[in-house]
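First the proteins, then the strands, lettered A, B, ... as listed; each starts at 1.
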Amino acid sequence: MALETNSYFNPRGGEVKVSHKHSSQIYCQSSAFNPGISLAGSQDIAFPGDYQHVEARSKVVPHVHHASDFKKNDKDSFHGSASCNSSQSRVSCLVEIPLTTVSESRLKEKKSCLKGKGKYDKNFKIHCDRDNDHHFRIPTNGAHRAQHKACTIHQLRDGRRLHSATNISGSMSVKKEIVERVCDILAKREWGQETVQALSDLDLNLSPFQINEVLKQQKDTERALSFFNWAKDQRGYKHDAHTYTTMLGILGRARNFEALDCLFNEMLREGCKPSIVTYNRLIHSYGRANYLEASRNIFNHMHTVGCKPDRVTYGTLIDLHTKAGCHDTAVGFYDMMQQAGYCPDTFTYSLMIHCFGKAGKLTAAYRLFCEMVDQGYPPSLVTYNTMIDHFAKAGKFDMAMKLYNDMKEAGYRPDQVTYSIMMEVLGHSGHVEEAELVLFEMEQAGWTADAPIYGLMVDLWGKSGNAEKAVEWFNKMIHSGVKANVPACNSLLSAYLRLNSYNAAREVLQSMSKWGLDPSLQTYTLLLSCCKGTEQQQQIDLMLSLKGRIEHPAHTFLCSFLTSEPSDTRSLIRHFFDCMQFEEQETKRGFADSLIDFLHDSGLKSAAGHVWDIVVEKSLYPRAVTDKTPHHWSVNLHVMSIGTALVALLRTLVLFKERMVTSGVAPERVYIITGWGRRSRVAGASLVKHAVESLLNSLGSPFHIDGANLGCFVSKGKPLFQWLTEPQVEQVLVF
DNA sequence: TTAGGGTTAG
């Protein structure tokens, strides 16, 4: 049963749709216009006759939607109303549903009507998609299905054989029951002959719609694919763009790209045209697995096949590139989106605010936040959380608090993310006890602490050097019935390693093993970053003693790296990072940073250099080496450890020298950005900066601090080139 | 016909 057109209420891009979703449902939906309100709710009401219930649902308006009981009137139709209210506006729709039983042929000539009328506050306007009367029409074939439907439901509940789905297509609840039955069969056992038999016993001709509903509920990839292939073999059945898209999404989520490619080719071969959603899912699947180039290739491919990217396509690409640290590319996609005629909405604005914040461009982020408000797009809870986080991490606590209050004023209640942000900021600025108070406040507000929240408390106390409090919170987590997870164990481990309490650290690792928690790449990063100083060998032993149920690639890698001199270092490193393809870039960067620092510290400079080369090749440091302009080159060592910063600097200087030799042109200026340094305790006293400075000074470099930026060394290109060709410098550069 | 896609912290 389809509604031909909707009534649109559109104050600031929000809309209210009233649609006849199905013969048994009326659907009233409103979205996005009030900054203060975010949650959805729905209300089902009893509805006599063929129409089982009317649903008034709102994505935005939480409490006030209303749908009246529909009453039969003397014109042989039902009438009633549905409304959505918010503090700023009210929308209500009067609906009238004729209930005349007509023949199919007559239906085609004369369609029954559903009339809707909008009422609204004076501040907002209603405009209608098709006509000014706010009329919308639905075809309906009335009550003659009711009898059949009742019979089918009865049979389903009876557990007897079902009618063919083609005969019972009229009822949503029956469709749901069929889907549930199929899902039950799939859930009961591993895929096999029994499953196939059980499915064929149902004797159903499932439609692509139903197959898709089943697929959406499948958690197990293999099972989903088996079901998908089973469906394909059913007589008269053909997958459509929806089922292909859902299956592609499942394979993408499981990172099974071989099967994904195969299925996509099959889709094309079968003449099933990929939709915009198909392409968006492919872009997302590849991108989340760090195959960013593949994502961009799909984006380009869309143009060649005439599929115009939409706001979601651009949003996905913006998000992926932000996560990979390629902020400039993300901004490029944002510009492209606008050139393609899409103005940013709340969602896209939030993505870009996140992007600018991650790129360290707080002013640009806030400018965009203000722009979005000016443009009439209310910030969402996510937008507020993001902006608060950026301000807080930059130490602008007054602005963070202002936005926090604005957010509450706009009607949002802080959620777990908001509380986490507040806790983290307090903890990292030395106020761990206040962070505890925020956690209690969170619990009073009705949220329960989960493993990540407990883990955060463990982490904060651990980082403040208080392992006792860290373990106290860890135990609180266990006692509250929350299962420990790997990050929480990592935090406790880190607390002990920080204090050189190796026995306690070993106990944590043993507990992890006992609980079946396998060490993660972060576990190895932690262990590696502690392997320093006089007790280095003891720490290395601890690290190498670590074993999960399945050996982590980092274990194999570090063993072969630390126990003997590997024959082909570069291919070993490359192979390891290939194995880490699906890890988050940030996580891999953390491991690489610890590894290079460790190798540099242990006098294995050559190996450290190889690791740097390969992580650059793998785009783990997309922002490290950039050109401000063609004549202004720079290397950014801002968030690196000392060892990594020095290795990166020397390698980049070699690169700059090669570029000058090849092009025969020296840049006007070259910048070395050290910032305040990740390891710095006191503002302005960056350990990275001092390490870089002493290296440059010891070699008599032409770099110097220029202007107000104390964290930036500058040199002109020509004297730099001369310096780089001096024998004692060349000697240092080769390792 | 119905349905399918993108965001924040740890």
What's [X] touching, base or sugar-phosphate or nothing? Going by heavy atoms closer than 4.0 Å.
X: A/Leu320; value: nothing
X: A/Thr418; value: nothing
X: A/Thr316; value: sugar-phosphate
X: A/Ala241; value: base
X: A/Asn485; value: nothing
X: A/Thr246; value: nothing

Go through the N and O atoms of the side chain of [X] and the base of [N], and report whether any donor-acceptor pair is under 3.5 Å.
X: A/Ser275; N: B/dG4; value: yes
X: A/Asn212; N: B/dA3; value: yes
X: A/Thr245; N: B/dG4; value: yes

Whole Å only: how far is the [atom1] atom of [X] from the [atom2] atom of [N]?
X: A/Ile353; N: B/dG6; atom1: CD1; atom2: P; result: 20 Å
X: A/Met337; N: B/dG6; atom1: CE; atom2: C1'; result: 12 Å
X: A/Leu368; N: B/dT7; atom1: CG; atom2: P; result: 18 Å
X: A/Gln210; N: B/dG4; atom1: CD; atom2: P; result: 15 Å
X: A/Glu584; N: B/dA9; atom1: CD; atom2: C1'; result: 13 Å
X: A/Ile421; N: B/dG10; atom1: CD1; atom2: C1'; result: 10 Å
X: A/Arg253; N: B/dG6; atom1: CZ; atom2: P; result: 10 Å
X: A/Met477; N: B/dG10; atom1: CE; atom2: C1'; result: 12 Å

> Would one find more than 12 heavy atoms of other residues, nucleotides or ligands at under 6.0 Å from atom CD of A/Glu433?
Replying inline: no
> So, do A/Phe299 and A/Tyr314 sit near enough that their side-chain heavy atoms are less than 4.5 Å apart?
Replying inline: yes
>> Under 4.0 Å between a side-chain nitrogen and a carboxylate oxygen: does that hold for A/Arg288 and A/Glu584?
In response: yes
> Does the aromatic ring of A/Phe347 sit over the six-membered base ring of B/dG6, closer than 5.5 Å centre to centre and tilted less than 30°?
Replying inline: yes
> So, the side chain of A/Thr243 versus the backbone of A/Asn212: is there a donor-acceptor pair under 3.5 Å, distance only?
Replying inline: no
> Where does the angle between the aromatic ring planes of A/Tyr237 and A/His239 fall among parallel (under 30°), tilted (30 to 60°) and perpendicular (over 60°)?
Replying inline: perpendicular
